[in-house]
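Computed from a predicted model, the values in this text were never measured in an experiment. Residue numbers begin at 1 in each chain, while the letters A, B, ... track the order of the sequences.
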Number of protein chains: 2
Amino acid sequence: MTTQEIAINMVLNAWRSGVNELDKLLTELSDDQLLKEISPGRNRGIYILGHLVVLLNNSRPLMGYGEDPTPHLVEPFVKMPDREAKELPPVAEIRHAWHNARTAMENNIALTPVDEWFKKHTAISAEDFQLEPHRNKLNVILLRIPHLSHHIGQLTLLKSKG
Amino acid sequence: MTTQEIAINMVLNAWRSGVNELDKLLTELSDDQLLKEISPGRNRGIYILGHLVVLLNNSRPLMGYGEDPTPHLVEPFVKMPDREAKELPPVAEIRHAWHNARTAMENNIALTPVDEWFKKHTAISAEDFQLEPHRNKLNVILLRIPHLSHHIGQLTLLKSKG
């Protein structure tokens, strides 16, 4: 295995660990728990999950994998803070959207050849990429890892909520 | 820049972003806030910060950078759940321990030559490393990133606590 392949595997494995951790957590949390706040006055579980869906789906065009399939979720789950949207979609719909988002990403990852990962993502010009070669497709995945973990740390707090 | 160097920079930059995020958060949180629970009945800020210190310091021997400088923190911040230790060290001491841990790691990182990062860490045999070449020094840093972010997501909740 080349160093390049090892580096790609490291990042993809770390991403998949995070995804599996969230999948497991979601089987442990009821819809009622996802409607609760992670801490008094803070975001609700459903808001955080919808937020994760949006941030994963908007990496799709960034990596050249096609359109964001859920542009209607950007407003209620990213542009607006929790409780500003008149109504959020039902929990079941957001669970389903997460499942679709993570599955689509996994399928896209599996189809990406080794020599694609260190090529530029779509939001940087070829000129700038010469100077900042870390702004590649693998880095898009890498930077999703801390974002995912940040929110998993918060969603974990819902486990104790009756 | 070689692909190997780009991959190393990507991981180190992501690690440093997390460290800087925690450093900034710590300037925003008072000692009183760090003594509060992140959510009713859950861990206190000081416990989480001490836990991060231990997990960072125990990566030091794993990467061949010397001994863990704070073995006395393992018991109260990792082996025991929060509130089981009779008394935790003062907040100022744990803040200081974090500062030392992250600075020591940064210094060690800066001294590590490019061709060291994809060599094995100290807890895997040369034989196993042949089969699992991702268990290298760079991966030790990579796997600390989601752990750090998980707990930053929780510590952030202390900001609203008066």
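The parts of B/Ile38 that come within reach of chain A are both its backbone and its side chain, each placing non-hydrogen atoms under 4.5 angstrom from that chain. Neither the backbone nor the side chain of A/Ile8 comes within contact range of chain B, judged by heavy atoms closer than 4.5 Å. With a 4.5 angstrom heavy-atom cutoff, B/Thr156 touches chain A via backbone and side-chain atoms both. Looking at B/Leu148, there are no atoms closer than 4.5 Å to chain A (heavy atoms on both sides), in backbone or side chain. In this structure, chain A has no heavy atom under 4.5 Å from any part of B/Asn43. For a residue to count as touching a neighbouring chain, one of its non-hydrogen atoms must lie under 4.5 Å from one of that chain's; by this rule B/Leu142 touches chain A with the side chain only. Residue B/Glu5: no heavy atom, backbone or side chain, is found under 4.5 Å from chain A.
Counting only heavy atoms from C-beta outward, the side chains of B/Asn139 and A/Asn13 never approach each other to under 4.5 Å. Considering only heavy atoms from C-beta on, A/Ser39 stays 4.5 Å or farther from B/Arg42 through its side chain.
For the side-chain contact (heavy atoms from CB on, under 4.5 Å) criterion with A/His150, the lone passing option out of B/Gln154, B/His150, B/Glu21 is B/Glu21. Screening B/Pro146, B/Ser149, B/Ser17 for a side-chain contact (heavy atoms from CB on, under 4.5 Å) with A/Pro146, the sole residue that qualifies is B/Ser149.
The number of heavy-atom neighbours closer than 6.0 Å to NE2 of B/His72, taken from other residues, nucleotides and ligands shown, is above 12.
One finds the CD1 atom of B/Ile6 at 13.5 Å from the CZ atom of A/Arg135 (value rounded to the nearest 0.5 Å). In this structure, CD on A/Glu37 lies 11.0 Å from CG on B/Leu157, to the nearest 0.5 angstrom. A distance of 8.5 Å separates CG of B/Asn9 from NE2 of A/His134, quoted to the nearest 0.5 Å. Note that the CZ atom of B/Phe118 and the CE atom of A/Met1 stand 12.0 Å from one another [nearest 0.5 Å].
Hydrophobic clustering (side-chain heavy atoms under 4.5 Å, transitive across Ile, Leu, Val, Met, Phe, Trp, Tyr) groups B/Trp15 together with B/Val114. Side-chain heavy atoms closer than 4.5 Å link hydrophobic residues (I, L, V, M, F, W, Y) into clusters, and following such links, possibly through other members, connects A/Leu62 to A/Leu56. A chain of hydrophobic side-chain contacts below 4.5 Å, direct or via other Ile, Leu, Val, Met, Phe, Trp or Tyr residues, connects A/Leu88 to A/Val78.
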